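Down below is the structure, laid out as structure tokens.
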Amino acid sequence: MKEIILAYQGEMTLKGLNRGRFEAGLAKNIRRRLEDLGPFTVRSAQSTLFIEPQAEDLDMDEAFRRVSRVFGLVKISRAVCCDKDFSAICETAEAYLGPRLRGVRTFKVEAKRADKKYPMKSPEICRELGACLLTRHPYLRVDVHAPQLEIMVEIRDHAAYVHGPKEAAAGGLPVGTSGRALNLLSGGIDSPVAAYCMARRGLALHHIHFASPPYTSLRAKLKVQALACELSEFIGDCMLFVVPYTKPQEYIRDHAPAPLFTVLMRRSMLRIAGRVAAKTGMEALITGESLAQVASQTMAALACTDAAQDLPVLRPLIGMDKSEIVAIARRIGTFETSIEPYEDCCTIFTPPHPKTRPALAEIEAAEAAMPELAALEKTAAETVEKIFVPIGQEPDF
Ligand code: ATP
Ligand code: MG
């Protein structure tokens, strides 16, 4: 009995003429996620991907885990394939799911008949297969409302597939089908969640991190690298650009009015990120900002930050509470790393009374009084360190 993975497309099934592009992107992402596990074929038909191992002993548990994290799929199941002959379906269901049936008291059969020419209709398939399984497991009872085990039969064009309940997959759209963006990744809770949310909408992304040694440590940088690696499970391999930010930051600290420091620094960070993005073909920036979370995230402060450069700034967490963000961070597995206590450059030199309603005119006047800032930013952008983050190779820190 050969097991395969059936993966069901989500929102992309609604994409009229563009659908082929989404399907191709999804199949490509799945192939890349599985390539080091051994040979698999990935075929798309009737809104479903058929993922088949082409050798004995491939690690199907790991393949299933990986595919369940690929964006673009709503549901996923492990299944076995058999001939469409009804007695073959009964034998296959017994052989594949018999052991699980022995562990429950109630069950139900659900049938999907994608091949409309199949001689039996869905209710008949359910009834007959249910009866066949009951003769082999007489202690069972059918419960159509809340069964302990649901058995599914799908009659497709070329074969029938038998499986247990479908499991939830990652949802969203395939990474790479919505363009490319650069995510501002700090070591905090928010920015990894922001990256996850935007990748789930189909963005391919890389990360940029601002480090200010010796105020921030090597371990802080490794922590960010670990976060990028955890995210790569969903996003794929990516680059982490680390900006040497000490000099521009010290310069702003020494030459600007203290209450404006944070907004000036954030504008400076976005300008540098904008330069790196333009050089690497990224079409937008992403941040983990959430309205009114801190002084630099008021409407007025965000407006000043946005005016610093031309790329769109995507803020997927803008309307979320911290508790909602934390719940996502826990679910995707970044929370524990995020709460490790290392200094971020955004939390050094912070003034005691940051201005919550800065006006763009005063911000621009403060920048005009810092003639050397542009050159320092240019150098920082040009000397950025490029770290490749491969999936699954998390650094210790
Ligand atoms: P998090 O850093 O996860 O948001 P936070 O709320 O402490 O936690 P803030 O200081 O509010 O972070 O920064 C707001 C956003 O600015 C972050 O979500 C992130 O996108 C970006 N950011 C902050 N610090 C850095 C950094 N050192 N490098 C890159 N981006 C940063
Ligand atoms: Mg934040």
Side-chain angles (χ1 to χ4, degrees), residues 181-199 205-213 215-228 230-231 238-246 248-249 252 261-277 282 284-298 301-302 304-306 308-309 311 313-318 320-326 328-330 332 334-351 354 356 377 380-381 384-385 387:
L182 186 59
N183 178 53
L184 278 82
L185 186 64
S186 69
I189 297 168
D190 303 335
S191 48
V193 174
Y196 169 86
C197 291
M198 293 318 306
L205 50 93
H206 298 290
H207 306 284
I208 186 167
H209 175 68
F210 292 77
S212 288
Y215 308 105
T216 62
S217 65
L218 173 64
R219 295 183 78 185
K221 184 171 100 176
L222 289 172
K223 171 186 170 179
V224 171
Q225 218 172 309
L227 285 170
E230 287 160 11
L231 288 165
C238 62
M239 295 297 297
L240 170 64
F241 299 98
V242 181
V243 179
Y245 193 55
T246 315
Q249 199 174 7
I252 299 171
F261 169 80
T262 311
V263 172
L264 288 164
M265 178 184 69
R266 299 204 54 81
R267 278 170 60 90
S268 158
M269 290 167 79
L270 260 74
R271 276 193 295 266
I272 294 172
R275 272 176 188 271
V276 174
M282 305 281 147
L285 303 178
I286 301 168
T287 77
E289 288 161 313
S290 162
L291 188 64
Q293 191 185 76
V294 288
S296 63
Q297 295 170 28
T298 61
L302 292 174
C304 289
T305 308
D306 270 354
Q309 56 81 54
L311 289 177
V313 181
L314 307 177
R315 298 184 171 95
L317 315 187
I318 197 72
M320 286 191 202
D321 290 351
K322 197 75 182 186
S323 58
E324 294 168 302
I325 300 169
V326 165
I328 300 176
R330 284 188 194 280
I332 65 175
T334 54
F335 182 76
E336 295 301 328
T337 306
S338 288
I339 58 173
E340 292 283 346
Y342 299 108
E343 206 60 275
D344 178 56
C345 80
C346 266
T347 53
I348 58 174
F349 312 155
T350 44
T356 52
E377 288 175 359
V384 70
E385 182 190 358
I387 301 172

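Note that this is a predicted model, so its numbers are computed, not measured. Just follow the structure's listing: the first ligand is 1, and inside any ligand the first atom is 1. Index from 1, following the sequence.
Every atom of ligand 1 is numbered from 1 in the order shown, and the set under 4.0 Å from a heavy atom of Gly188 is 1 (P), 2 (O), 3 (O), 8 (O). Atom numbering of ligand 1 starts at 1 in the shown order; those under 4.0 Å from a heavy atom of Thr287 are 20 (O). Taking every non-hydrogen atom of His209 and a distance limit under 4.0 Å, the qualifying atoms of ligand 1 come out as 26 (C), 27 (N), 28 (N), 29 (C). Of all atoms in ligand 1, numbered sequentially from 1 with element shown, those under 4.0 Å from a heavy atom of Ile189 are 3 (O). For ligand 1 and Cys346, the ligand atoms under 4.0 Å from any heavy atom of the residue are 10 (O), 23 (C), 24 (N). Of all the atoms in ligand 1, the ones that sit under 4.0 Å from a non-hydrogen atom of Cys345 are 27 (N).
The structure places CD of Glu289 at 8.5 Å from CG of Leu184, a figure rounded to the nearest 0.5 Å. To the nearest 0.5 Å, the span separating CG on Leu285 from CG on Asn183 amounts to 9.5 Å. The line from CZ of Phe335 to OG1 of Thr337 is 10.5 Å long, rounded to the nearest 0.5 Å.
One N or O on the side chain of His209 and one on the backbone of Leu185 form a donor-acceptor pair closer than 3.5 Å.
Considering Met269, Gln297, Arg266, His207 only, the shortest heavy-atom separation from atom 15 (C) of ligand 1 involves Arg266.
Ligand 1 has no nitrogen or oxygen under 3.5 angstrom from a nitrogen or oxygen of Pro192. Distances between N or O atoms of Lys322 and those of ligand 1 include no value under 3.5 Å. For the pair Ile286 and ligand 1, the shortest N or O to N or O distance does not fall below 3.5 Å.
By the criterion of a heavy-atom distance under 4.0 Å, both the backbone and the side chain of Ser191 are placed next to ligand 1. When heavy-atom distances to ligand 1 are checked against a 4.0 Å cut-off, Ile208 comes that close only through its backbone atoms N, CA, C and O. When non-hydrogen atoms are compared, ligand 1 lies under 4.0 Å from the backbone of Leu185 (N, CA, C, O) but not from its side chain.
For Glu385 and Lys221, the salt-bridge test passes: some basic side-chain N is under 4.0 Å from an acidic carboxylate O.
Annotation for Met282 and Ala181: closest pair SD-O, 3.2 Å, computed over non-hydrogen atoms.
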Quick one, Thr356 with Thr298, criterion side-chain hydrogen bond (donor to acceptor under 3.5 Å, both in side chains). Give me CA distance, side-chain angles, the key distance, then yes/no.
CA-CA 6 Å; Thr356 52; Thr298 61; 5.8 Å; no
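Side chains of Glu377 and Ser268: a donor-acceptor N/O pair is present below 3.5 angstrom, by distance only.
If you run side chain to side chain contact (heavy atoms under 4.5 Å, CB included) between Pro192 and each of Leu231, Ile328, Ile325, only Leu231 comes through.
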